[in-house]
Amino acid sequence: MRRPAATGAPITRRSLLATGIGLAAGAMTGCSTAGPATTALPEQARAGSARAGGELRIARPPASNAETLDPASSLCAYEYLGALYNRLTRIDRDGQVVPDLAAEWDVTEDAMRWTFRIRDDVSFHDGRPCTAHDAVYTIRRLLDPDLASPQQGVLAPLMEPGGVTAADDRTLVIELATPNAELPSLFTGYNCYVVPDGSGDDIGVAGIGTGPFRLDSFTAAGRGRVVANDAYWEGRPTLDSIAFFSIADQQARTNALLADQVDLLSQTNLDFVTARVVNASDNATIARVRNGQWYTIPMLTTVEPFTDPDVRRAVKLAYDPQRVLDVAAQGAGDLGHDNPVPPDNPLWVDHALERDPDQARALLRAAGYDGLTVDMYTSSYDPVFTPMTLAFKDSVADAGITVNVRNASADSYYSQVWMQQPLMATYWYTGRPVDQLLNQIFRGGSSYNETAWADDTFDAILDDARREIDDDKRRTLYQDAQRYIVDHSGSITPMFADRLVGLSRDVVNYYEHGFEFDYLNIGLADHRGERS
Amino acid sequence: MTLFVARRLGAMVLTVVLASLLVFVALQALPGDVATQILGRDATPEAVQVLRDQLGLDQPAWRRYLEWVGGAIQGDFGTSLASGEAVGSELALHLRNTLLIAVLAIAGGLLFSLVLGVVAGLYRDRWPDHLISGASLVGMSVPEFVVATVLVLLFSVTIPVFPAVVLDDADATVGQLLPAIWLPALALSIALAAYVVRMMRASVIDVMASEYVQTARLRGLGTGRVVLRHALPNAVLPTLNVIALNVAWLVGGVVVVETVFNYPGIGTLMIDAVYDRDLPVLQAIAVLSAVVYALCNLAADVAAMGLNPRLRAGGRSTA
């Protein structure tokens with residue numbers, strides 16, 4: 001159960017017993033489990049006219065008993081953030097960085113000095129106007145090593161707290177320590193929600209932001225409620241209120257949906273059997289977050305045999321990504337081709353290694369690893385890990401590679417296996433802006449670099465991209481970086497799988513992509529009566 | 001008998017101390033600590049250090065344990081490392097919630113199983129016996145989380161009578177929890193009853209074949225009177241320990257059942273505490289479970305004495 005985000009899924013709670021119960025539920029409702037099933041599942045959520053008002057009930061896995069409404073914290077209660085706060089920038093449905101609280105921005109030729117113009121019509125829930133001073137305060141907090149925000153490692157190398165200033169109430173100025181032409185995208189992270197100047201001590205319980213909803217109540221790992229902000233600067237949200245309920249166990253969350261006790265399961269990727277049970281019920285259905293789950297198989301480049309780039313390449317040539325996608329995600333998703341950037345991102349480049357088990361075998365022989373045998377770890381942490389591991393194991397056998405599957409405990413998977421064992425199944429939520437993704441997970445020395453890969457040539461490409469203010473040239477550099485990752489890194493990305501989200505048939509205009517959730521337009525269908 | 005009880009209470013103190021020590025050692029053997037568990041993938045060395053400083057984890061674990069023991073003796077169970085709440089009040093709330101379903105499960109389960117056990121015993125090898133014995137075998141074999149899931153499918157999804165999960169927090173009023181206690185209690189009582197039915201059946205068969213029951217019959221007493229006044233007290237005797245063990249088993253059973261129903265009781269508190277490596281909370285639960293376990297067994301022995309004069313006399317003579 002309790003849930004990690006700048007970094008991965010904003011979830012750390014385990015799903016106790018989920019697999020067993022899921023199967024039981026499937027069997028009992030007479031649901032067949034054979035064959036690719038996604039054709040039966042809806043592609044996207046119902047759109048259309050919602051009635052004004054109503055309360056949406058969301059079931060969520062609690063981050064931990066220590067969770068907080070402080071967006072900068074690694075213990076933040078993720079679902080509340082988008083409802084309560086705004087960021088300077090956000091990512092639109094086409095994957096472009098667009099204004100949120102910052103109406104416009106500008107950068108100098110050397111990509112060293114950024115000026116953000118803050119909107120002048122925005123107020124916090126307590127009535128105070130939102131100004132550049134609040135933005136300065138927010139960013140300086142993110143840089144504070146004592147707060148240890150997940151975004152600290154992303155922003156701190158770029159700027160000093162003293163370089164972040166307000167020229168006047170409307171103008172935020174950031175003098176960088178090192179050039180960066182992608183800075184606005186880095187403020188789309190979900191730790192970067194703007195909080196009021198000086199609010200650090202109580203923001204974790206007060207939750208005062210500028211967002212479409214204001215806080216009514218909040219209990220860590222318990223229930224909470226937000227109500228519509230009538231004065232919201234983008235217009236009043238469709239709903240009157242949202243109730244949040246903490247349910248640690250995934251099967252219990254699903255049962256709550258089936259019994260019509262909640263309307264939406266957040267941060268929950270349903271396994272296929274459960275998804276079909278949900279879809280077959282009268283009151284619930286399935287929506288997909290396209291490419292929402294970025295599945296990876298990191299090869300730890302500091303451990304034999306993956307210290308050898310030829311071995312890494314051989315493993316990438318040996319496995320069959322189509323088979324992994326078909327078996328583990330029932331075809332619901334896109335092939336990854338070992339590129340960490342999802343194919344629906346505007347910066348994505350089409351570059352893939354053609355599967356070739358014979359060449360893989362030859363590479364291994366030349367490297368002295370003929371008949372390579374490796375351990376690969378999986379866990380019940382996510383329902384896709386084990387089928388992904390088995391499909392991987394089967395397909396690399398064609399190149400003479402033997403994989404011994406090891407099942408590890410879900411509750412310590414990310415403290416004992418991840419970044420410790422040479423080969424494992426894992427995932428992240430997609431949604432990081434490309435610059436952050438490449439720097440946070442692939443740059444040498446980053447705390448989230450899960451393959452411990454350090455390559456000066458690659459890091460130099462990232463530096464060049466950050467220095468380049470011409471959009472087209474910068475795009476080319478980020479694409480070079482993607483090619484370099486495919487060809488040289490220790491990271492295997494077999495697929496981006498759609499997240500299968502369970503929701504009530506009454507919910508309309510549900511939209512979620514990456515770390516963006518449309519709280520403004522989500523609503524309940526016309527026909528449903530008022531709930532007392 | 002007083003001495004017997006006093007001696008047993010002394011042994012109970014030892015049991016509780018051992019249980020607390022074992023939980024401490026077991027928790028140390030688990031990988032990770034509160035900071036790494038709560039942070040998960042965000043457990044960068046810097047973040048872990050900051051959180052450890054906040055939570056006061058810089059002291060060695062054995063020292064924190066001794067401090068906890070010192071406080072617990074004076075009735076102060078410390079504060080939860082994860083939530084920062086006082087363990088005593090948190091435990092009290094969750095215990096109240098668990099007692100709601102446990103008492104219901106025990107009362108319902110026992111009443112049910114004693115009646116069914118007697119019926120099965122009296123109708124030995126005829127159809128009521130086959131039916132009851134078969135059903136109890138199924139109840140024993142099917143894990144309680146499956147029973148719980150079936151109950152949810154039947155009574156929450158198919159016929160929506162009861163809520164499938166509890167959406168309230170631990171501090172909800174009894175009135176708020178009331179609609180939600182029936183399915184968890186039923187799931188627990190099915191598992192509990194299954195064992196007791198079989199034990200009860202076997203001892204009813206034994207007792208009904210005994211000479212004094214034969215004698216009572218020959219003297220013309222009615223079947224109802226024979227069963228209630230003569231057979232039942234003696235048949236319950238061997239069943240008492242099974243009942244005690246099953247009540248103690250509830251402590252573990254509630255973990256699974258409460259998880260399925262998201263019920264804010266001791267079980268979910270324990271799961272979270274194990275997951276978070278929350279030592280003070282887990283210690284308090286261990287002590288509580290050990291006390292419940294020991295008291296159940298003691299109660300069974302005392303009740304056995306009450307029902308059997310020979311045991312009572314034996315206890316006195318050794319004193």
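Below, all heavy atoms of this structure are taken into account, side chains as well, without hydrogens, waters or symmetry copies. Order of the sequence lines sets the chain letters (A, B, ...), proteins ahead of strands, with each chain counted from 1.
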For A/T68, enumerate each residue passing the side chain to side chain donor-acceptor pair (under 3.5 Å) test, keeping only those at least two apart in sequence or located in another chain. none
Side chain, backbone, both or neither: which part of B/P163 has a non-hydrogen atom closer than 4.5 Å to chain A? both
CA sep, side-chain torsions, deciding dist, call: A/N255, B/V157, side chain to side chain contact (heavy atoms under 4.5 Å, CB included): CA-CA 8 Å; A/N255 288 344; B/V157 178; 5.7 Å; no
Roughly how far, to the nearest 0.5 Å, is the CG atom of A/D249 from the OG1 atom of B/T268? 11.0 Å
State which residue, out of A/S73, A/S447, A/P150, fulfils the side chain to side chain contact (heavy atoms under 4.5 Å, CB included) condition with B/D42. A/P150
Is it true that a side-chain atom of A/Q261 and a backbone atom of B/A164 form a donor plus acceptor pair closer than 3.5 Å? yes
Please classify the contact of A/E450 with chain B as side chain, backbone, both or neither, using a heavy-atom distance under 4.5 Å. side chain
Side chains of A/N65 and B/D272: does their closest heavy-atom pair fall under 4.5 Å? yes
Using non-hydrogen atoms and a 4.5 Å limit, figure out which bit of A/S412 sits close to chain B: side chain, backbone, both or neither. both
Given the options B/L167, B/V274, B/V50, which has more heavy-atom pairs under 4.5 Å with chain A than any of the others? B/L167
Can you tell if the side chain of B/I38 reaches within under 4.5 Å of the side chain of A/L75, non-hydrogen atoms only? yes
Under 3.5 Å donor-acceptor, B/Q37 side chain and A/D411 backbone: yes
Using a cut-off of under 4.5 Å on heavy-atom pairs, state which of B/E46, B/R277, B/Q49 scores highest against chain A. B/R277
Under 4.5 Å from any heavy atom of chain B, what part of A/S246 do you find: side chain, backbone, both or neither? backbone
Suppose a student defines contact as a heavy atom less than 4.5 Å from any heavy atom of chain A. Which residues in residues 168-184 of chain B would they list? B/D168, B/D169
Quick one: ring-ring contact (aromatic ring centres under 6.0 Å, His included) partners of A/Y295, sequence neighbours excluded? A/Y427
If you draw a 6.0 Å radius around OH in B/Y195, do more than 12 non-hydrogen atoms from other residues or ligands fall strictly inside? no
Taking side chain as everything from C-beta outward and backbone as N, CA, C, O, which of these in A/A220 sits under 4.5 Å from a heavy atom of chain B? Side chain, backbone, both or neither. neither
When only heavy atoms count and the cut-off is under 4.5 Å, which of residues 81-104 of chain B reach chain A? B/A82, B/S83
At a heavy-atom separation under 4.5 Å, does B/A43 approach chain A through its side chain, its backbone, both, or neither? neither
Closest non-hydrogen atom pair between B/R41 and A/Y448, with its separation: O-CE2, 3.3 Å
What distance separates A/S74 OG from B/L51 CG, expressed to the nearest 0.5 Å? 7.0 Å
In terms of heavy-atom contacts, B/N262 and A/A248 come closest through OD1-N, 3.8 Å
At their closest point, which heavy atom of A/A252 faces which heavy atom of B/T259, and how far apart are they? CB-O, 3.8 Å
